Amino acid sequence: MTAKEVIASIRNVPDFPIPGIQFKDITTALAKPDCLKWMRDEMVKRYKDLGITQVVGIESRGFIVGPAVAIEMGAGFVPIRKSGKLPAETLKVSYDKEYGKDTIEMHKGALNENDVVLIHDDILATGGSMLAAVELVQKAGVKKIYTNCLIELEGLNGRQFLSERGIEIDCLLGIEVDE
Ligand code: AMP
């Protein structure tokens, strides 16, 4: 399996969820055993020697490959969820989206000052969600934060947006947003 073959397995759905958006649907790649394994193995290869203690997944597509990687690396898994979904006391961050505001949450006490964290999501678009996730994990006061997405949508400047805020992101695959 090659990166090119994985990219070819990702489905582009035009005008979803609203007109003008080219939705990159990873479910078609996840359904192929070789692609799913490639994603997990490629991440493990990149992160296994960095002393990561917790993989933090962003709802909801950060919950698919993230736990598989965590198990393989002997790390735990912590979910970041949308507002009102987590049952116990939470830390929160609100951020601006294209239409209105969004709030994300993580359980208080899920991470501690000794944790080396990998924050993971499926797709990097504008970078707003990843920035909010980094701010949320910073509130927990961890030792070190790495960030990763399976796919970078090139042409939306998410990487630059994050870099200007001191965050270097690593993505497995790059796709032109209009492809
Ligand atoms: P952003 O905050 O703009 O970087 O958006 C990233 C989040 O929105 C990720 O959780 C993605 O799953 C989702 N997302 C944004 N744009 C797309 C797209 N074109 N196709 C699929 N998912 C997307």
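Predicted model only: the values in this text are computed from it and were never measured. The first residue in the sequence is number 1, and the count goes up from there. Atoms within a ligand are numbered from 1 in the order they appear, just like the ligands themselves.
- Sorted by chain then number, the residues whose non-hydrogen atoms approach ligand 1 to under 4.0 Å are Q22, F23, K24, R61, D121, D122, I123, A125, T126, G127, G128, S129, L153.
- A cation-pi contact links R165 to F161, judged by a cut-off of 6.0 Å to the six-membered ring centre and 45° from its axis.
- Pairs passing the side-chain hydrogen bond (donor to acceptor under 3.5 Å, both in side chains) check and including a residue from residues 67-80, sequence neighbours excluded, read R40-E72.
- Contact check for N148 versus L172: side-chain heavy atoms found under the 4.5 Å cut-off.
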Only distances under 3.5 Å count here; give the side-chain donor-acceptor pairs of residues 28-37 to other protein atoms, sequence neighbours excluded, each with its distance to 0.1 Å.
| residue | atom | partner | partner atom | Å |
| --- | --- | --- | --- | --- |
| T28 | OG1 | S9 | O | 2.7 |
| T28 | OG1 | R11 | N | 3.1 |
| T28 | OG1 | D25 | O | 3.2 |
| K32 | NZ | S9 | OG | 3.2 |
| K37 | NZ | D41 | OD2 | 2.6 |

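- Taking K97 as the reference, nothing meets the side-chain hydrogen bond (donor to acceptor under 3.5 Å, both in side chains) condition, with sequence neighbours excluded.
- K139 and E135 are not joined by a salt bridge, as no carboxylate oxygen comes within less than 4.0 angstrom of a charged side-chain nitrogen.
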